[in-house]
Amino acid sequence: MGQSLPGSSKSSSVDGQRPTSTQIGFFELLESGSDALLKLFERGQQAPTVEDPKWNSLESPRHTTMTFLEAMHHVALGRDGALDRATKTFGDVDPEDARQTAEDLLHVFDRLPEMSSGSIPGPDIVNQTGIRRLELFPRGIQHDWIYRALDGSPEGSITLVSAEDGAWYFDRSTLEGASELLASVKKIPPRERIARRGNLLKTVLEPTLEQTTAGDWAFFVGVSLAGLAIAWGVAWILHRFKSWRHDNGWLMPLLNGAVVSAWILIVTIAIAIGSARLHFHPTLADMRNALIQAAVVLAAICLAVSLIEMACLGFRRTFYSDDDPYARMMSVMVRRAVRIISGVVIAIFLIQNVFHWNVTALLGGFAIIALALSLAAQDAVKNLFGAFTVFSTRPFMTGDWVRFDGELGTIDDVGLQATKIRLLSGELYSVPNMKFIDSPVENLSERNYLRRVMDVAITYDTPVEKVREGIEIIGEILSSEEVTRDGEGDLEGHPPRVWFDKFGSHYLNLRADYWYMMETDHGDIQRDTERGWFSYLDHATRVNQMVLERFNDAGIDFAFPTQTLYLANDPDRKLKVERAERQEPVS
C-alpha cells in the first residue's frame with residue numbers, strides 16, 4: 001500500500017505534511033468505548049454499516065460521491081468489505097490500481113471541507129438541468145481559500161460524468177491524476193472525520209471476534225493455562241528452596257525477585273504464543289506487542305531490583321554487624337528507594353511504549369496541574385527531608401524505646417514519609433517525619449541508667465528515733481549485695497542517697513535516690529543490653545518488697561491521707577472549755 005489511510009487522532013502540522021501513522025490512539029479508543037456505551041442508552045437512527053449502507057447508488061453526482069465517501073470511511077476503519085462498493089464508482093478500472101486510487105482520492109477529500117449531500121446535485125437537478133458532467137473540485141466548492149493555502153492552483157480536479165446508462169462515475173482524468181492531485185494539496189492538513197467517534201472500539205474488536213476461529217480461541221486458552229500452571233510450579237519450587245534455607249541469607253532477595261520475574265516471564269511467553277493465532281486490528285496488535293515488551297521489562301527490572309537488594313544486604317553484612325540497628329535501617333531505606341525508582345522507570349516505559357504518550361509534552365501540558373501538585377505535596381517533601389534527617393542525625397533506630405508527644409513505645413518502622421511507633425497499649429502510632437525536624441524526641445534506649453526517686457511516706461506520730469531507723473533501713477537495702485547485683489549498682493560512682501526531705505500534708509517523707517545501671521563494666525546503653533523498662537520494674541518491685549518487710553518488722557507505719565478528730569471525754573487529749581461570766585446590765 002503506497003500511503004497510509006487517514007483518520008488518525010494525530011493532526012497534521014500547519015506545513016501540510018500528512019500524518020505518519022494511522023494507528024488509533026489510546027485516548028481515542030477509550031473515548032470511542034465511552035461513546036459506544038452511551039449509544040446503548042440512546043434512541044435514534046443506527047449508523048450505517050457495511051452490510052446496510054445509507055448510500056449505495058450511482059444515479060446522480062450526489063449518490064456517487066456519498067457512496068464513495070461512506071464506503072471509504074469503512075475501509076479507513078479496517079472494513080475492507082466496503083472497498084468494492086467504493087471502487088464501483090470508478091467504472092471500468094484495473095483492480096490492482098483501484099485501491100491505491102481510492103485511497104489517494106479519499107486523502108484529497110479529507111483536505112476539503114466536509115461534503116454535505118445537499119450541496120451536490122441530486123437526481124431532480126440532473127433531470128431538470130440535463131447536466132452530463134460536474135466538476136466537484138475545485139469549482140464545485142468555494143475554492144478561494146485553496147489558492148491562498150497552496151500559493152497556487154491544485155494540479156488536477158475531481159470530476160464526475162454520466163454514462164450512457166445514466167450512472168455517474170468519476171471520470172478517467174480524475175482517477176489517473178489522483179496521485180498528482182494529492183501531491184499538490186498535501187500542504188493542506190487533513191481534517192479529522194468526526195464520524196469515527198463511537199465506532200472505533202467496534203472497529204478494533206471486529207477482526208478479533210469475527211475472524212478468529214473457535215480452535216484459535218481454544219489454543220489461546222490452553223496455552224495460557226499451561227503457562228500459568230508452569231509458572232505456579234516454578235514459583236512453588238523456588239518457595240520450597242527458600243524454606244530449606246532457615247537463615248535469612250543474602251540470597252533471599254535474589255530468590256524473591258526470581259520468583260516474581262520467572263512468573264511474569266513464563267506467563268508472558270505463554271500468552272504471546274497463545275495469542276499468535278488470534279486476529280488483531282493493527283491497533284490491538286501494536287498494543288499486544290507493547291504489553292509483551294512491558295512485561296519483559298518488568299521482569300528484568302524485578303530481577304535487577306533483587307540483585308541490588310542482594311548487593312545492599314551483602315555490603316551491610318560484610319562491613320557491619322548483623323546487630324547494628326543503623327545498618328539494618330539504612331539497608332531497608334535503600335531498598336525502598338530502589339523500588340520507587342524502579343516503579344518510576346516502569347511507568348515511563350509504559351507511557352512511552354504502550355500508550356505512546358510524549359512524556360515531555362505530557363509534563364508540559366500538565367504544568368498547571370504539576371504546580372498545584374507541587375504545592376499540595378509540600379508536606380510529602382518535608383516528610384522525605386525529615387526521613388533523611390532521621391538517617392543523618394540518628395535520633396533513634398528501629399526497635400528503640402522512645403517518648404514522643406506524650407506517647408511511649410518502640411520504633412516499629414522508619415519509612416520515607418512516616419515513622420511508626422508501637423505504643424505500650426498496642427496501637428500503631430504513625431508520626432510524619434517532618435515533625436522530628438523541630439520537635440524533641442526522647443530516646444529511652446540511649447540511656448546508660450535509670451535514676452529512681454523513691455518516696456516513702458510515714459505517719460506524723462512516728463518518733464524521731466524511728467525516722468532515723470527508717471533512713472538507715474532504706475540505705476542498707478539499697479546498698480545490699482542483692483540489690484546492687486540486680487541493679488548493676490555502682491556504689492562508688494553512684495552511691496544511693498536517703499533523706500528526710502519534707503513534711504507532707506499528712507505524712508513525713510523519706511526520699512531515696514539510687515541508680516539502676518544498664519551495664520556497669522562497659523557503660524553500654526539500653527539498646528545494647530537485655531535490660532530495659534520491664535527489667536527495671538522487676539528490680540523496683542524487689543526493692544519495694546524489701547522496704548515493706550523491714551518497715552513492718554521495725555514497727556514503722558506508712559502514712560495515708562487521714563483526719564484527726566478530738567473528743568471531749570478523751571483522757572489523753574482533754575478539751576478545755578471556758579465560760580465567760582455574764583455581766584449584769586447597769587441601771
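Computed from a prediction, not measured in an experiment: that's the story for all the values here. Index from 1, following the sequence.
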For the residue pair H63 and W55, is the inter-centroid distance of their aromatic rings smaller than 6.0 Å?
yes

For the residue pair F68 and F109, does the interplanar ring angle fall in the parallel (under 30°), tilted (30 to 60°) or perpendicular (over 60°) class?
tilted

Straight-line distance of T65 OG1 to I120 CD1, nearest 0.5 Å:
4.5 Å

NZ/K420: more than 12 non-hydrogen atoms of other groups inside 6.0 Å
no

Without swapping roles, check the side chain of R85 against the backbone of A71 for a donor-acceptor pair under 3.5 Å.
no

Please test N433 against T419 for side-chain hydrogen bond (donor to acceptor under 3.5 Å, both in side chains), starting from the C-alpha separation and ending with a verdict.
CA-CA 6 Å; N433 288 330; T419 295; 2.7 Å; yes

Short N-O contact, D216 and R277, less than 4.0 angstrom:
yes

Has the side chain of R133 got a donor or acceptor atom that lies under 3.5 Å from a matching backbone atom of V161?
no

Would you say S60's side chain and G122's backbone share a donor-acceptor pair under 3.5 angstrom?
no

Side chains of F90 and L105: does their closest heavy-atom pair fall under 4.5 Å?
yes

State, with a plain yes or no, whether a side-chain heavy atom of L150 is found less than 4.5 Å away from one of I188.
yes

To the nearest 0.5 Å, atom CG of N127 lies from atom CD of E59 at 9.0 Å

Can you list the steps and then say if D171 with L160 is a side-chain contact (heavy atoms from CB on, under 4.5 Å)?
CA-CA 5 Å; D171 72 347; L160 293 96; over 6 Å; no

Can you tell me how far apart CD1 (I269) and CD1 (I264) are? Round to the nearest 0.5 Å.
12.0 Å

Provide the closest heavy-atom pair for A82 versus V75 in the form atom of the first, atom of the second, distance.
C-CG2, 4.0 Å

Between V223 and G274, the two heavy atoms sitting closest are CG1-N, 3.8 Å

Once you measure the plane-to-plane angle for F220 and W217, does it fall in the parallel (<30°), tilted (30-60°) or perpendicular (>60°) bin?
perpendicular

Within the structure provided, determine whether E103 and M72 are in side-chain contact (heavy-atom separation under 4.5 Å).
yes

Any non-hydrogen side-chain atom of R111 less than 4.5 Å from a side-chain atom of L182?
yes

Working for side-chain contact (heavy atoms from CB on, under 4.5 Å), residues W263 and L228:
CA-CA 8 Å; W263 198 93; L228 287 173; 3.9 Å; yes

Distance-minimising heavy-atom pair for I292 and A272
CD1-CB, 3.6 Å

Short question: side chain of S157, backbone of T159 - any donor-acceptor pair under 3.5 Å?
no

Show, in sequence, the C-alpha distance, side-chain angles and deciding distance for D124 and Q128, and conclude whether the side-chain hydrogen bond (donor to acceptor under 3.5 Å, both in side chains) test is met.
CA-CA 6 Å; D124 294 338; Q128 292 175 6; 5.8 Å; no

Do Y169 and T64 have side chains that approach each other closer than 4.5 Å (heavy atoms only, starting at C-beta)?
no

On a heavy-atom basis, the closest approach of P138 and E135 is CD-OE2, 3.2 Å

To the nearest 0.5 Å, what is the distance between CG (L278) and CD1 (I271)?
11.0 Å

Do you know the tightest heavy-atom contact between G227 and V267?
O-CG2, 4.4 Å

Would you find a donor on one side and an acceptor on the other, under 3.5 Å apart, between the side chain of S162 and the backbone of R132?
no

Rounded distance (nearest 0.5 Å) linking atom CD1 of I266 with atom CH2 of W232
13.0 Å

Using only atom types and a distance under 3.5 Å, with no angle test, would you say the side chain of S224 pairs donor to acceptor with the backbone of V221?
no

What distance do R99 atom CZ and L83 atom CG have between them, rounded to the nearest 0.5 Å?
5.5 Å

Can you name the closest pair of heavy atoms from T87 and A98 and give their distance?
CG2-CB, 3.7 Å

Would you say that S184 contacts L181 through its side chain, given a criterion of any heavy-atom pair below 4.5 Å between the two side chains?
yes

Examine distances only and state if a side-chain atom of T174 and a backbone atom of F170 form a donor-acceptor pair shorter than 3.5 Å.
no

Between D104 and Q100, does any side-chain donor sit less than 3.5 Å from a side-chain acceptor?
yes

